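Here is the structure we will look at.
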Amino acid sequence: MPINAHEIEQLIRQSFPDAKIIVQGDDGQHFAAEVVDESFRGMNRVQQQRAVNAAIRAKLDSGELHALALTTRAPD
């Protein structure tokens, strides 16, 4: 069963409840997400993206989610 953008947002929100999250993509496998969260302050981009990937790891490992392009940052 393909995953959708709303499901990805909910997975990320479990780890980042106060984040601004925008997920785009509708082919069931390839998505892009922007995650803006205060917890990223002081982290480099690799650390930020690893934190988000940890939130969606099960879907990546199962192959249900093939690709997620990430943009992450702390709020301005």
Side-chain angles (χ1 to χ4, degrees):
M1 179 174 177
I3 193 165
N4 63 48
H6 178 73
E7 289 175 274
I8 295 169
E9 179 183 343
Q10 293 306 310
L11 287 170
I12 296 170
R13 190 157 307 284
Q14 289 176 11
S15 295
F16 303 95
D18 298 324
K20 174 188 168 196
I21 303 169
I22 299 170
V23 180
Q24 298 176 328
D26 61 3
D27 71 355
Q29 291 186 336
H30 302 89
F31 297 89
E34 178 181 7
V35 183
V36 180
D37 192 70
E38 185 61 40
S39 69
F40 295 150
R41 194 165 306 283
M43 298 170 105
N44 65 40
R45 294 274 163 104
V46 171
Q47 292 168 322
Q48 294 171 15
Q49 293 185 2
R50 283 182 180 160
V52 175
N53 280 331
I56 59 170
R57 176 64 48 211
K59 298 295 182 184
L60 289 169
D61 289 348
S62 73
E64 191 172 348
L65 174 58
H66 177 71
L68 179 65
L70 286 173
T71 301
T72 56
R73 64 181 175 83
D76 295 331

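What you are looking at is a predicted structure, and each value in this text was computed from that prediction instead of being measured.
With sequence neighbours left out, the salt bridge (charged side-chain N to carboxylate O under 4.0 Å, His left out) criterion links R50 to no other residue. Qualifying side-chain contact (heavy atoms from CB on, under 4.5 Å) partners for Q49, counting only residues two or more places apart in sequence or in other chains: L70, T72.
In this structure the side chain of Q24 never reaches within 4.5 angstrom of the side chain of E34, judged on heavy atoms.
Shown here for L65 and F31, the closest heavy-atom pair between the two residues is CD1-CD1, 3.4 Å. Across G42 and Q47, no two heavy atoms sit closer than the pair O-OE1, 4.4 Å. Closest non-hydrogen pair, D76 versus R73, comes out as OD1-NH1, 3.5 Å.
We find the CD-CD1 distance between E64 and I8 to be 9.0 Å, quoted to the nearest 0.5 Å. The CZ atom of F40 sits 10.5 Å away from the CZ atom of R45 when rounded to the nearest 0.5 Å.
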Side chains of residues 10-22: which donor-acceptor partners sit under 3.5 Å, not counting sequence neighbours?
from : atom 1 : to  : atom 2 : distance (Å)
R13  : NH1    : P17 : O      : 3.3
R13  : NH1    : A19 : O      : 3.0
R13  : NH2    : E9  : OE2    : 3.2

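Both I56 and M43 sit in one connected hydrophobic cluster of ILVMFWY residues. Membership requires side-chain heavy atoms under 4.5 Å apart, directly or through other members.
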